[in-house]
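All heavy atoms count here, side chains included; hydrogens, waters and symmetry mates do not.
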Amino acid sequence: MVSGIFAGDPYSLSLKSSFPVMAELEKEGNGSLVMAMVKRISKGAIGKRQRDKQGGPLGPGGTLTSFREGIEYLTHILSERLGSRLITNTEVQRIEKMQREDHPYAIYFKDKKGEGNFDADAIILATPAYVTAKLIGSLDQVTSNILKEIPYPPVAVVCLGYRRSLISHPLDGFGFLIPHEERMDILGCLWDSSMYESRAPYGDVLLRVMIGGARKPEPAFLKDDDLLMSVRNDLKIILGIDVVPGFVRIYRHEKAIPQYTAGHSVRMKIIEDSLKYHPGLFLTGNSYYGIGINDCVKDAFKTSVKVLDYCSRYKAQYYA
């Protein structure tokens, strides 16, 4: 499960940072997740509805949900609502702190017209840790160096489309993850068309395979033909699929998923303490407190509250 979700090495990840619920249950059950769940249920701490929503100690509950048009629908709507206030196709190169109390930050950027900069009262960085490290290098070298310590293994995503009639497996579920001990190249496979509507034309199925990761990064860099052959070989063994896919798309992520390795909580504490010296600078995203979309949304809400509080105090101080 850990290798599939994080594309990581379960022996190097921090349980406390990667699976905080499991860490809490382990403590409650004196090392036993099952005993902790039994204690909670017996105390009435977890009712049936809450259990269904929360899931078990090793997996999520509830229903997987997405937009009919895909997750990019969210960013399209945000773009439409923001209109001209949203600046795109512009590379931020660095952030500097100015020696003044009003508009304390300067953002230096580059676009098709050239280089420029503008002032900012507050900044939210939702970029990957390695990008954030580069942007704030001249602002805070300590935080920048800590962010560089968060590793990102490579992952290739191979999307395959088949005629449903050619697949004998029922594909009834979410998909599967592969334990490292199975000695296969792929990390797992998601049955997209089984999970969500409109992911494939009627009569077709869409499978999404992940390959690479921290424990076996080499397959992520294979040439397309070799990568496809490796994926098809594993799917033949697991699902019995021995037909040529009618649809193939390959996406390579040289730095895919942040790894919450041992000591991640200590690194986060150092980052949090460092940010106290830079009021108005906020970090969010999947590099810090959870890699999934749900975790990112949760942290985004917390960050937005902090930003609104800061801006209200800042405005009252300098624009009264």
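- Contact check for N233 versus D185: no side-chain heavy atoms found under the 4.5 Å cut-off.
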E96 and R94: CA distance, side-chain angles, deciding distance, salt bridge (Lys or Arg N to Asp or Glu O under 4.0 Å) verdict: CA-CA 7 Å; E96 293 188 2; R94 70 184 188 279; 2.8 Å; yes
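- Using a 4.0 Å cut-off between charged side-chain N and carboxylate O, R252 and D224 make a salt bridge.
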Residues L125, L281; criterion side-chain contact (heavy atoms from CB on, under 4.5 Å); working and verdict: CA-CA 8 Å; L125 293 174; L281 179 63; 4.1 Å; yes
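- Contact check on D273 versus K276 returns a salt bridge, with a Lys/Arg side-chain nitrogen under 4.0 Å from an Asp/Glu carboxylate oxygen.
- Within a 6.0 Å radius of CE in M98, other residues, nucleotides and ligands contribute more than 12 heavy atoms.
- The pair D204-R164 fails the salt-bridge criterion, with no side-chain N (NZ, NE, NH1 or NH2) lying under 4.0 Å from an Asp/Glu carboxylate O.
- Side-chain contact check for R68 versus Y196: every heavy-atom pair is 4.5 Å or farther apart.
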Does S12 form a side chain to side chain donor-acceptor pair (under 3.5 Å) with T261? I'd like the steps, not just the answer. CA-CA 5 Å; S12 66; T261 53; over 6 Å; no
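- Side-chain atoms of D121 and C311, non-hydrogen and from C-beta on, never get closer than 4.5 Å to each other.
- Counting heavy atoms from C-beta outward, I257 and Q259 have side chains that approach closer than 4.5 Å.
- Counting heavy atoms from C-beta on, the side chains of V248 and L228 come closer than 4.5 Å.
- Note that K255 lies in the cation-pi zone of Y130, set by a 6.0 Å cut-off to the ring centre and a 45° limit from the axis.
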Would you give me the side-chain donor-acceptor pairs under 3.5 Å for residues 150-158, sequence neighbours excluded?
from	atom 1	to	atom 2	distance (Å)
Y152	OH	A129	N	3.0
Y152	OH	S287	OG	2.5

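- Between P217 and R215, the closest heavy-atom pair is CD-C, 3.7 Å.
- You'll find the ring centres of F118 and F109 inside the 6.0 Å limit.
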Under 3.5 Å, sequence neighbours excluded: what are the donor-acceptor pairs made by side chains of residues 78-92?
from	atom 1	to	atom 2	distance (Å)
R85	NE	L82	O	3.2
R85	NH2	R81	O	3.2
T90	OG1	T88	O	3.0

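- Taking 4.5 Å as the limit, some side-chain heavy atom of I291 sits within range of a side-chain heavy atom of Y260.
- Other residues, nucleotides and ligands contribute at most 12 non-hydrogen atoms within 6.0 Å of the OH atom of Y73.
- In this structure the side chain of S194 never reaches within 4.5 angstrom of the side chain of V205, judged on heavy atoms.
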